[in-house]
Amino acid sequence: MFASHPLLNGERNYLKMKQNELSIRKRLFCKQNIYLALYSVESYISNRELMDKEDKEALSRLKDKFDEQNIEKWIKNIEERLHQLIDEVGINYMLLPGQRCRLYRF
């Protein structure tokens with residue numbers, strides 16, 4: 001009887017939402033996922049002629065997948081930027097079940 005109480009269901013849903021949010025944050029900040037994004041970054045650039053010289057050099061250096069120092073530097077920069085976007089801005093976004101690319105603001 002108590003399990004069906006609306007307040008308990010609301011709390012359970014809230015806890016489930018927080019668990020999903022933590023899971024998303026864990027995947028977002030996973031170094032392996034960041035590395036895979038870096039590995040594929042070149043395929044997302046369509047107009048290289050619009051890039052400045054420094055950006056072209058940085059992109060060229062990312063082609064060397066064995067340059068651990070460069071990769072670690074980029075992973076650190078990306079982690080810092082993600083923290084800035086998520087924590088400092090104070091906006092919580094969550095990917096809802098069954099939706100791959102849409103972000104919802106709570």
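All of these numbers come straight from a predicted model, not from anything done at the bench.
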Which atom pairs, donor and acceptor, lie under 3.5 Å between side-chain atoms of residues 32-44 and protein residues at least two apart or in another chain?
from	atom 1	to	atom 2	distance (Å)
Asn33	ND2	Arg27	O	2.8
Ser40	OG	Leu36	O	3.2
Ser40	OG	Ala37	O	3.3
Glu42	OE2	Arg48	NH2	3.3
Ser43	OG	Ser40	O	2.7

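Residue Ile45 holds its CD1 atom at 11.0 Å from CG of Leu50, rounded to the nearest 0.5 Å. Note that NZ of Lys65 is 9.5 Å distant from CG of Asn70, once rounded to the nearest 0.5 Å.
Residues forming a side-chain hydrogen bond (donor to acceptor under 3.5 Å, both in side chains) with Asp67 (at least two apart in sequence, or on another chain): Arg61. Contacts of Glu72 classified as salt bridge (charged side-chain N to carboxylate O under 4.0 Å, His left out), with partners at least two apart in sequence or in another chain: Lys31. Residues satisfying the side chain to side chain contact (heavy atoms under 4.5 Å, CB included) test with Ser46, not counting sequence neighbours, are none. Residues passing the side chain to side chain contact (heavy atoms under 4.5 Å, CB included) test with Lys76, sequence neighbours excluded: Glu80. Taking Lys56 as the reference, Met51 meet the side chain to side chain contact (heavy atoms under 4.5 Å, CB included) condition, with sequence neighbours excluded.
Considering all non-hydrogen atoms of both residues, Asp55 and Asp52 come closest at N-OD1, 2.8 Å.
The shortest side-chain heavy-atom distance between Leu62 and Ile71 falls under the 4.5 Å cut-off.
At least one donor-acceptor pair under 3.5 Å links the side chain of Asp64 to the backbone N or O of Phe66.
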